[in-house]
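Chain letters run A, B, ... following the sequence lines, proteins first, then strands; residues in each count from 1. Being a predicted model, the structure only gives us computed values, none of them experimental.
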Amino acid sequence: MPNYLPHTAEQDAAMLSFLGLERLEDLFAHLPAAVRLAGGLPIPAGRSELDVLDGLAALADRNVAAGLTCFAGVGAYDHDIPPVVRALASRSEFVTAYTPYQPEVAQGVLQALFEYQTLVARLSGLPVANASLYDGAASLVEALNLAASTTGRQGVLLSRGVHPHWRAAARTFAAGTGHQIEEVPLVGGVTAWPMGARDDLAAVVVGYPNYLGYLEDVAIARAVADESGALLVVAGDPVAAALVRSAGSWGADVFVGEGQALGTALSFGGPYLGLFAVREELVRRLPGRIVGETADTAGRRAFVTTLRAREQDIRRERATSNVCTNQTLMAVTAAIQLGWLGTDGLHEMALRCASGAHELAERVTQIPGVQAASEAPFVREFALRLGRPVEPVLAAMARRGILGGVAARALDPGDGTRGEGDDVLIVTVTERHRARDLDAYVAALGEAVAS
Amino acid sequence: MPNYLPHTAEQDAAMLSFLGLERLEDLFAHLPAAVRLAGGLPIPAGRSELDVLDGLAALADRNVAAGLTCFAGVGAYDHDIPPVVRALASRSEFVTAYTPYQPEVAQGVLQALFEYQTLVARLSGLPVANASLYDGAASLVEALNLAASTTGRQGVLLSRGVHPHWRAAARTFAAGTGHQIEEVPLVGGVTAWPMGARDDLAAVVVGYPNYLGYLEDVAIARAVADESGALLVVAGDPVAAALVRSAGSWGADVFVGEGQALGTALSFGGPYLGLFAVREELVRRLPGRIVGETADTAGRRAFVTTLRAREQDIRRERATSNVCTNQTLMAVTAAIQLGWLGTDGLHEMALRCASGAHELAERVTQIPGVQAASEAPFVREFALRLGRPVEPVLAAMARRGILGGVAARALDPGDGTRGEGDDVLIVTVTERHRARDLDAYVAALGEAVAS
Amino acid sequence: MSAAGGRAASAPLVGRESEPTMFELSSPGRSAAQLRETGIAPRALEAMIPAPHRRDDRLVTVDLAERDLVGHVTRLSARQYSVDLGAYPLGSCTMKYNPKMADEVAALAGLAHVHPAADASLTQGWLELLVTLEERLCGITGMAAATLQPAAGAAGELTGLLLMRAYHRARGDARRRVLIPDSAHGTNPASVTLSGYQVTTVPSTERGLVDLEALAARLGDDVAGIMLTNPNTVGLFEEDIEPIAELVHGVGGLLYYDGANLNAILGQARPGDMGFDIVHMNLHKTFATPHGGGGPGAGPVAVGESLVDFLPGPRPVRRGDGYGWEAPARSIGRVHGWHGNALVLARALAYIETHGAEGLAAVAEHAVLNANWLRRRLAAVLPAAFDRPCMHECVVTATALKEATGVRALDVAKSLLDEGFHAPTVYFPLIVDEALMIEPTETESPETLVALAEALERIVARAHDDPERVHAAPLATPVGRVDEARAARTLVATEDMAARAGLR
Amino acid sequence: MSAAGGRAASAPLVGRESEPTMFELSSPGRSAAQLRETGIAPRALEAMIPAPHRRDDRLVTVDLAERDLVGHVTRLSARQYSVDLGAYPLGSCTMKYNPKMADEVAALAGLAHVHPAADASLTQGWLELLVTLEERLCGITGMAAATLQPAAGAAGELTGLLLMRAYHRARGDARRRVLIPDSAHGTNPASVTLSGYQVTTVPSTERGLVDLEALAARLGDDVAGIMLTNPNTVGLFEEDIEPIAELVHGVGGLLYYDGANLNAILGQARPGDMGFDIVHMNLHKTFATPHGGGGPGAGPVAVGESLVDFLPGPRPVRRGDGYGWEAPARSIGRVHGWHGNALVLARALAYIETHGAEGLAAVAEHAVLNANWLRRRLAAVLPAAFDRPCMHECVVTATALKEATGVRALDVAKSLLDEGFHAPTVYFPLIVDEALMIEPTETESPETLVALAEALERIVARAHDDPERVHAAPLATPVGRVDEARAARTLVATEDMAARAGLR
Ligand SMILES: Cc1ncc(COP(=O)(O)O)c(C=O)c1O
Ligand SMILES: Cc1ncc(COP(=O)(O)O)c(C=O)c1O
């Protein structure tokens, strides 16, 4: 049994006697006998934390993927996180604090969130961001709820270029909200939007870049939305954002995105960071928390969570979002990581990703049988058609130390479709890849498709 | 070139112009031309910290020893350091502070050192400890200086049971101080003290346990010292101290020891932690820093480095020690590690070391050809005679994943002798060893000596 | 010129000034980033991104030196209270000590550097970890299976309600209402609404428990289920849980357990044994995964046999010698972008494995012991809202104090900051007037409880002697009471908004 | 009862109380330790340790819960200034920013978990690291070889002096005196004494440099050598270094370089090229290995060809394809229990490798730029002791201020704490009256220098307007000025002494 309890046996006895009790179990005497657990929990006995740590380290060693050179992306990116970011973000004041309910002793987290909001707003090209949501998928779900409550409508045109898992989550939650989600297929790697005004449309959602890595013409999506008076939701990527037009400049009403790339490790998919920003007019509909600047009684600058009237503890059943706990630590981390990168570092990093991706795309498409899935422009990821099932190819590459990408059909959108086809492989390059990694990739893929 | 400098190019220019200079090199214009370095330093160009980290990690991977089950000790012990100790001791406030010269903003380090001093005093059985010295060897050197300045004499009787490297260091520094060091040999694993009063004797030094792991009769050493009016210096071990009589209770005047076992990793030998404690009468001769309790102007409890009149910056050439920078961080770590262990944890940990060591000693001495080097009692390490050179045996054990101990002759005392003999192996057990590790040890040693 | 990155006057150690924002510290041309040497030739942006897509301006974020970034963030951290500094008796939040060991688990390269889309054959360690955690959580709650996907408690609630909905739908049963006690946490009704159900509120009795008669009166065959926290949000065990379960099950409804308060009953009672069908847990409370200043959390949902087929998928499962993924037959679908907050899940497993069955039972015992001791000790100064044995937290009321002195619960809370403690939750649950909800947790020592009680006693005494001083609190903190109304009136949520508002 | 471990009133964030000692927090029966399951049968102490050796009492250390230990140490850390919080312009100490990257180097399992006695074949990585560092340090200083054993600067000094001694001895030359300028750091004369030599002090000129004539007058063939810091401790470059070297070498003496101030000349000039024979470096200053609140450090000593054979041993050396250990032919012996402060050495190498030749030169340039800018900027309020270009630090004097206002250097230093800065070194070097020795280092930005200058200007203005307030400083800190005299008068160095003195 671990030693995290500070009570000595004498103290237990003294406290019990203060309460007029004899044994610890007397504390539960008022529980109905039928629900009292007899015989203890059916789980193993405790072990020392060092033994547990060893056991989990042994499990971790069995994750072969951790040792591969990672060309997989699609919303989960293998970027460098420098020691200084890890050191700062792991300070226990950030890690072991609760939600900043007492602003007088929470200026640290509050100010960091204010800075994060500023950075997300700048990335999105929209004026206001919230203090984080669970992940990109959750941001999409909240965006649909926001669009529905703003427009009083339920229809959603959702591009199949949006991450399949996000679409799946949107569909899951639509079972409760009643949103009518229509998915719009990709043709040649970009969305083939239907034309024509509708009176039920709350939102049009486009991925930019889309999950295959391609840059779509967002102006069309904007036009589709305008035609029907719907909001335009752009699902973007914060690294690509350094190089491509911002969601705001395309006229987006809402920006959603996955912020993991900003200082959070791959982590097998979580905890990640849902980015969310809106036009100023929508600010009072923002889901989640938002930090605002104000002053204390002495006039000193101070930060505080604000617009709490929106919050679930006040609105209860009239709320349009139930988000309470969010991803504050990842948001703080993102602000630190962006602070480390800086204006030029972010740009340079994105440029390196793109340069490597373009070089790799050129080289692998020279392998016989390997084709680009689309001629559309891309930033740091792109899709290949291998003309054969992708999984055996990935397995062969893994044996050569390379995680070769993500098989499109492994990303189950949950709608019965299996993505863009069995032979589609999505490949991502980051600033961590060196020339020799690209060489190894080309060789491994060439060998795998030749066999 | 790394980016640790905050100056922008414009700022450089503005600052230079404020100084009436044009280029950065003008700052060095007053240096004689002949000593100005032309052509830059003959070292490689800088690399990004992530590249450097990778390179050093690759070097680290070539230290095969790090992956072996460690039965080596002799002043460097492979104890568990729990995550909580690592987390607390690495707080940047401790790591990146200087010596606490401004007590008003250094109560953190000062109080931690006060607590450390208390704990070392309790371990030693002596009333006053200093705030650390470089390592066990440095503590021994300072103890000899203290004894010499206290007695006005130069003679030292130094048991060969004291760690050979410490003895070597003592000899090195005696070249400056002029101490006359006589080494006293071991017979049957314990010191064979010479009898008879002398008028030149400043100190008698005994290891308890000695470096082979054996417990010597300190009363004899005390008697030898008393006969000649010398100080008794006991070189002890803080883990063994949990089970054996304290230096103070044997009548030691000075306790010296290596504190690495208290929360510091093996670290290839440093930074370690020199423990040092004395009888109250000797406090004004304590080398290094010492923290004392006092109060601030408002009467609040406060800590401060004290007895600075002893310090080298005041005493200059009249000083008896030159120690300035010490091992504060390791001292703070030791206080935290002892805080984690607690009274019972330290006792239990030491008991486990001893239990394992005694079991292993019994088992390996059943291997044909393997004998205990002494029948003297021991705590957690002991010496074996293998009847053959130790190095090939250790090499064979390393191939089976075991660092089998320390070859006595590998510990060069620098006096021409090669320790206790070519066939002596010193074996250490810690609380990290499991039954299966002992089994593996017995098997590996058995095989190695059978071949 | 930009602000000074090396001035520490905002660190409470040496000052009481405000910390500049990172944008105030920013200076163009300054940079901390060091990117690796890749050997890959850089390409011109124009050669990669066609004009319509290319940014025509530089995306300006912030320009800092590493040294200034470190100073800034370190000083911000010094302006932040945390469990590691002292007690955090925040009711409903279970701010217990978070063992540092779990930080090392989350940092293991073999866990942290795994891409979530990597094939199952390459992630067997993670899959085993998740399956093991699911088994433990089922053992602890007495349920059949669990999904680990929900990222927090509220996400778990909504997932659970969608499971409830799918269950009824599958039986062709279009139910419409979910019952919730009036003491419930705000996320409960919000989740119900988002799940497409309507909320029917059930009043509490004067004893602070669900009013059984009122409950019965609200039941009907359009009731999909009931959401309960047990112990409830006033810290009391719903002793009528058996009849409640019988009543709800009687009309074909399901029982949902909001497990935010699971800490109180670990190893003492199990939701499954009480008749609950769906249970969410807040791993960031009960299982000591640190709260991160607001998150991340993890809100797994465990269910009884009849709901297993509806669980979100894909689910990690044991398969022969190894592990794989499986979509449940009638899955409601994904509720997370990947597999849930995996590193939080790993931390929780580490906590469970160190404690084991006995350890978890001891956790509950001491959480309850601490809360009851405090309740009893405070009776004279801040009486409990309900004068009976509580579980892991107690709700006390400052109503009498307010009447006598004008000092309100909020003032007491702010004064506690000056006494060196985080404040309890105030004004929640809504059914208690001038509520202070105190959850000491099991990791606070009796000595700390005494100190906390003494601090509250001092504050109450001060309220009588010198109420102005209590109204003025906190004074020891980096900022005093904050103008929340102004923040809401004129939203300044970013540096750029601050500039537009003339604040920079 | 013991003190409360969960009360944070000593954290400057919420209070100004003192933190209980860990012994005051201690309560017998409480424990944090968790030891592994080993499967080894425990033995009775009596069966292992015979009675005369066995402790008859339990060694009482302290009894804490992990939660309370964490609270205590975290609060202590909140009571501690550090580089990471803000500037630390402590002259002679080079408190630059310590890149966090080096912390990860020191934490590498393959470095941290290596036993120092393991055979060379098992530690090739470490040996290569040490040999590489030695080569770099030789390149930086212009010397032939180096020992990495000395654990700090003072240990390096003594090592260097013993090398000097061995060198002369080997030539049958029993010299007796070592020259030291009167501005030298106190460790210099102390080390000379411990090396068995006698100190001859050389006065400084009014320009703050070695008095060449006085030096010449003190030379003789009994002079073993001279110890110099260059730039010297008043921050000035000894421009006469060439004639000095010629003079000392002329009588057969050696030149020792105290490299504590090496930061100023990195890539600009090298001790070897100036004629020095022996150089120690403070890696914990110049090479940014953090100072740890007082240590650890590392003080490698580099030497010219003629001294290589005397270096401490064993030394790591390249050997064929690999690396091994070698004892120099006429080695003075060991000066460390093992191989030196190895993890500090690894940090320093990481720092050198990231910077490279150009980066180190830029370090020196900006260290000198910063110091000169401050010197010039402060001229009106706190004039430099020597009005000429300085190197990496400047020594200013408060003599005029004291005469005008009664405010002394110490008062200025304490006031600076209230302004959010660590204080400079005061009353050193001894040759300057009311000295404030300011070393901004290269990692502080121009903005920080301005803020520091403004703070000093405010303090000087206040000294004229309201000297009492300056005398009373610091007020913002956890404790005010500390009674140092009392601490020295009645030594209370442990909790047990405090108890005996009635303080507990
Ligand atoms: C009773 C109760 N239910 C639900 C929640 C929601 O959990 P989360 O914040 O993880 O979404 C909380 C947490 O605040 C709670 O206290
Ligand atoms: C000029 C000078 N020489 C020598 C030293 C001694 O170095 P250390 O403290 O590492 O022993 C110092 C450090 O304070 C110094 O400033």
Quick one: what part of [X] sits under 4.5 Å from any heavy atom of chain C, side chain, backbone, both or neither?
X        : value
A:Leu56  : both
A:Arg300 : side chain
A:Val52  : side chain
A:Arg91  : side chain
A:Ser90  : neither
A:Val332 : neither
A:Ala398 : side chain
A:Ala335 : both
A:Leu123 : both
A:Ala121 : side chain
A:Leu16  : both
A:Asp135 : side chain
A:Ala138 : neither
A:His347 : side chain

Is there a donor-acceptor contact under 3.5 Å linking the side chains of C:His113 and A:Asp78? no

So, A:Glu104 versus C:Thr477: side-chain donor-acceptor pair below 3.5 Å or not? no

Name all residues meeting the ring pair (Phe, Tyr, Trp, His ring centres under 6.0 Å) criterion together with A:His358; count only those two or more places apart in sequence or in a different chain, and write none if there are none. A:Phe378

Report the residues that fulfil ring pair (Phe, Tyr, Trp, His ring centres under 6.0 Å) with C:His336, sequence neighbours left out, ordered by chain and then residue number.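 In terms of ring pair (Phe, Tyr, Trp, His ring centres under 6.0 Å), with neighbours along the sequence ignored, C:His336 is linked to no residue.
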
Interchain contact, C:Ala112 with chain A, by part (heavy-atom threshold 4.5 Å):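 Its backbone and side chain both get close to chain A.
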
Less than 4.5 Å to any heavy atom of chain A: does that hold for the side chain of C:Gln124, its backbone, both, or neither? both

Hey, what's the ring geometry for C:Trp126 with A:Phe268, parallel, tilted or perpendicular (30° and 60° as the breaks)? parallel

Measure the acute angle between the ring planes of A:His30 and C:Phe237, then classify it against the limits of 30° and 60° as parallel, tilted or perpendicular.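 Aromatic pair A:His30/C:Phe237 classed perpendicular.
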
From CA spacing to verdict: salt bridge (Lys or Arg N to Asp or Glu O under 4.0 Å), A:Arg432, A:Asp80: CA-CA 6 Å; A:Arg432 299 195 65 197; A:Asp80 268 319; 3.1 Å; yes

Spatial distance of atom CG (A:Asn326) from atom OH (A:Tyr134) [nearest 0.5 Å]: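 A:Asn326 atom CG to A:Tyr134 atom OH measures 8.5 Å (nearest 0.5 Å).
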
Look at atom CD of C:Glu37 and say whether more than 12 heavy atoms of other residues, nucleotides or ligands are closer to it than 6.0 Å. no

